[in-house]
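A short write-up of the structure that comes next.
Sequence lines set the chain letters: A, B, ... in the order given, protein chains first and strands last, and positions in each chain run from 1.
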4 protein chains.
Amino acid sequence: MVKKPTPDRAGPDRVTSDRATPDATRRSDRSRRAIRDAALALVAEVGYPKTTVEGIAARAGVGKQTIYRWWPSKADVLLEAFLALGEQAARDAGQEPYRIPDTGDLAADLKAVLRATVDELLDPRFEAPARALAAEGLVNEPLGREFVAKLLEPQLQLYVDRLRAAQDAGGVRPDVDPRIALELFVSPLAQRWLQHTGPISHAYTDTLVDYALNGLAPR
Amino acid sequence: MVKKPTPDRAGPDRVTSDRATPDATRRSDRSRRAIRDAALALVAEVGYPKTTVEGIAARAGVGKQTIYRWWPSKADVLLEAFLALGEQAARDAGQEPYRIPDTGDLAADLKAVLRATVDELLDPRFEAPARALAAEGLVNEPLGREFVAKLLEPQLQLYVDRLRAAQDAGGVRPDVDPRIALELFVSPLAQRWLQHTGPISHAYTDTLVDYALNGLAPR
Amino acid sequence: MVKKPTPDRAGPDRVTSDRATPDATRRSDRSRRAIRDAALALVAEVGYPKTTVEGIAARAGVGKQTIYRWWPSKADVLLEAFLALGEQAARDAGQEPYRIPDTGDLAADLKAVLRATVDELLDPRFEAPARALAAEGLVNEPLGREFVAKLLEPQLQLYVDRLRAAQDAGGVRPDVDPRIALELFVSPLAQRWLQHTGPISHAYTDTLVDYALNGLAPR
Amino acid sequence: MVKKPTPDRAGPDRVTSDRATPDATRRSDRSRRAIRDAALALVAEVGYPKTTVEGIAARAGVGKQTIYRWWPSKADVLLEAFLALGEQAARDAGQEPYRIPDTGDLAADLKAVLRATVDELLDPRFEAPARALAAEGLVNEPLGREFVAKLLEPQLQLYVDRLRAAQDAGGVRPDVDPRIALELFVSPLAQRWLQHTGPISHAYTDTLVDYALNGLAPR
DNA sequence: AAATAACCGAGACGGTACGTCCGGTCTTATG
DNA sequence: CATAAGACCGGACGTACCGTCTCGGTTATTT
């Protein structure tokens, strides 16, 4: 005879099970990796909306509960997977704490970095999960904030640093706010990529840098 | 006059394409409007992901099939509803063929328009459906393209027109591509709003216009 | 025919999914019982055609999928429920291996059993599901065969046994086929009950037994 | 389960009908026939449960309303169609008011009629609709009564007449109730056919007549 | 001959239920 | 005690039909 544990009826505020955080030391790294891989693969293959927790579990050879035990939603699985993918890529490139190069020529440095960004945005391995996460983040604010804080903002900070160096060197007006300034060339690229409002290319980002540095009005 | 007293039942050319195309002339305008209103209301109240076709139908007092007969998905319902909302707003403002004002002072004109845009983006009536459609458009490419073509691109074209007028007047360098130039101040605003990458305000858009027109480098 | 068919990927009458058979050892007996009870109650209350799978699930406090996981249709649910009801009734009566009594007086024994059958047929607890199953079985042949094999035929076999005993005792002509003979009094009762072709009563079944045993022709 | 579509404002005594019975003189006989044919064809082809009013209308090239204007349900359409089929068959056979032949040999006459009935029951043209109507009648009592009154009872009355003649001629005991007596051989056949409880054949019905007339007990 | 009235084919409509899918929780048995 | 497996309750999906309700178009009768 099976005994069913008495359900806790006492707590009216008991909406979600406040089961204690599981013991992370006993976590199966094999499962964790399999889940990340399955999530990335499914998003790439069938798209984000058709990617389901059940599908990820089946593909990873994992029980559904193993996913729900460690992640609150499929978006968070994908976020971790994408973050891990980025770290892996960075490790492969052998890059320690990344900085935008400073050759003394601000325009050239920015163009080089943006060209690399264009190449990455067009890489199908990155495109599907990145776009999916961005979309989810628009509508799911906590995830959006995490996405921005963990992925976007660190990248943008590199531009802030480079622009501040340029200000010190006299290549950028000292009254300019670097956090706003960087958006002049970063946001157009982001919008074209996200919303398909135009083609993206090296020539395009070069133009953005020129316009942003020199302005539209005649000098 | 063609008399056909005997309907020929044995006609082999039975080309009556049935469920494919319903008869639009018999469409109930009352239902159509009720569905649009319900969709907008639900997105505003419970958010896009929790808005369901069943919910829209129930709220509109309509059968589900009446939605599926005319729209392929809830995203398309919302797109039409949002488009209609925009047209309604334009009709209320009496501005049929809208243009960006041209007072001769490009910076002032752009700042005025962008301040109005900021106000609109912060209006909760617009925010929920617009964000939802943008998010869906990222991941559902046909819808995204329709969203861009019907809503975004017409707006951007107004900037192109105004910038071209400024080029004719000598206020903008003649070699500048207006379609790219507008992105210097439009895209940053779009990204901050969509991805919560920073606060948006009149001061912010004023700054964007100043930076974009005059550039970041010292003159 | 201009009917748009549902896209079928496999067999002609493909209705249910081809998922692997679920693990019966993990089946919830509580749900099973609740579904049976709900099905019987609903058939009794609103009739078979208005009994729906959704209604059964709601009444039983069960997900619809739990019904579809274990039964192919509402008819099969009802069949199991009715079978279980019969077994329960038999258990309550403590009559495990049931037989028609043999007092030596065949006519009296048959009349007694048929009177009890009349009482059962007029019991509203049995009538609604029995009639519903019989109706469904007419048109749904597999179910009909199961209904006959599991419910009807075992009952009829009891008459075969009793008639054979009577043949051994010389009360029935030895050349008579008992399987056919029993129909002379069982089938008329069944038809009157099923098709409302006449009233059923103890007097009626007594008469049937007399006619069947002694024949219609003068002796 | 709530039902309330048409409030009956005219009270129980429907004298002045608001939605009056339509003018039968203007009824389209072409449509009527097409509907009957379509109903019979569909029941034969896809079975009664999958036969729908919409399907009948489409097959008949008729608007749905034309069916609902003249019949209350698909069961009634089928009943009329089946009745008409029977009349047509009778007309084809050139039979005026039918009687069971009276050659003086009751057993022979009954066997002949029952052999013809067996043949009819095995005719697939009759089987599908007849079984469907019988099934519907089990669960839909008004229809069942109409089915019995219009189809079954008139047939049974013929046996009553023949048995009474036999009583007058001394071939049947005068105290026998013919309405019950006929069930001894008719009901077994009906049950075997309806419920597949056994094979039906000429030999089987011959046996039934013999058993019924002479009884089961030794003489 | 024109006007009227009803039936007719067609099919959109508000609904109900279908059978499926998946979300998130819970249970069972392994290791 | 985490895990793989998967049954469970719930609820939305998109489809099929129900029975009702217009909408022209065609007859058939009335004016």
Side-chain angles (χ1 to χ4, degrees), chain A residues 2 4-5 7 16-17 19 22-23 25-28 30-31 52-55 57-58 60-70 72-74, chain B residues 3-5 7 16 18-19 22-28 30-31 52-55 57-58 60-70 72-74, chain C residues 3-4 6 15-17 19-20 22-23 25-28 30-31 52-55 57-58 60-70 72-74, chain D residues 1-3 5-6 22-23 25-28 30-31 52-55 57-58 60-70 72-74:
Chain A
V2 179
K4 206 180 165 206
T16 48
S17 81
R19 193 182 284 287
D23 181 351
T25 66
R26 303 203 45 185
R27 184 167 185 182
S28 159
R30 165 194 301 276
S31 296
T52 66
V53 174
E54 285 196 350
V62 139
K64 273 206 293 183
Q65 195 54 48
T66 301
I67 296 183
Y68 284 114
R69 186 156 29 231
W70 302 109
S73 73
K74 73 167 171 172
Chain B
K3 279 277 182 171
K4 201 183 180 193
T16 37
D18 42 0
R19 310 296 128 126
D23 182 347
T25 68
R26 309 194 56 183
R27 184 167 186 181
S28 160
R30 166 193 299 274
S31 296
T52 66
V53 174
E54 279 194 356
V62 140
K64 270 203 293 182
Q65 195 56 52
T66 299
I67 297 183
Y68 285 113
R69 183 150 38 228
W70 302 109
S73 74
K74 73 168 173 174
Chain C
K3 201 91 202 283
K4 184 194 154 232
T6 327
V15 171
T16 46
S17 120
R19 280 181 65 93
D23 181 348
T25 66
R26 307 194 47 184
R27 184 166 186 180
S28 160
R30 165 193 300 273
S31 296
T52 66
V53 175
E54 280 194 353
V62 141
K64 272 205 290 181
Q65 197 57 52
T66 300
I67 297 183
Y68 285 113
R69 183 153 35 232
W70 303 109
S73 72
K74 73 167 171 173
Chain D
M1 225 153 282
V2 184
K3 192 92 197 308
T6 318
D23 181 351
T25 67
R26 304 200 48 183
R27 185 169 185 179
S28 160
R30 166 190 303 275
S31 296
T52 66
V53 174
E54 285 199 350
V62 137
K64 274 202 296 180
Q65 195 55 50
T66 300
I67 296 183
Y68 284 113
R69 184 153 34 228
W70 302 108
S73 75
K74 74 165 173 173

Rounded to whole Å, CZ of Arg30(D) lies from P of dT26(F) at a distance of 15 Å

Original post:
Is Gly55(B) touching bases, backbone alone, or none of the nucleic acid, heavy atoms closer than 4.0 Å?
Top reply: nothing

Under 3.5 Å donor-acceptor pair, Arg26(D) side-chain atoms to dT27(F) base atoms:
yes

Could one point to a donor on the side chain of Lys64(B) or the base of dG15(E) with an acceptor on the other under 3.5 Å away?
no

If you compare every side-chain N and O of Ser31(C) against the phosphate oxygens of dC9(F) (OP1, OP2), does one of them come in below 4.0 Å? yes

Atom CZ of residue position Arg27(C) - does it have more than 12 heavy atoms of other residues, nucleotides or ligands inside 6.0 Å? yes

Any Trp70(B) side-chain nitrogen or oxygen under 4.0 Å from OP1 or OP2 of dC13(E): yes

From CD1 of Ile67(C) across to C1' of dA17(E) the rounded distance in Å is 13 Å

Arg69(C) CZ to dC21(E) P, in whole Å, measures 13 Å

Quiz item: Below 4.0 angstrom from OP1 or OP2 of dG14(E), is there any side-chain N or O of Thr66(B)?
Solution: yes

Check your understanding: Do Lys64(C) and Ile67(C) have side-chain heavy atoms sitting under 4.5 Å apart?
Key -> no

(Q) Does Arg27(C) reach a base, just sugar-phosphate, or nothing at all? Heavy atoms under 4.0 Å. (A) sugar-phosphate

Taking for Val62(D) and for Gln65(C) the nucleotide of DNA chain E with the nearest heavy atom, the one nearer the 5' end belongs to Val62(D)

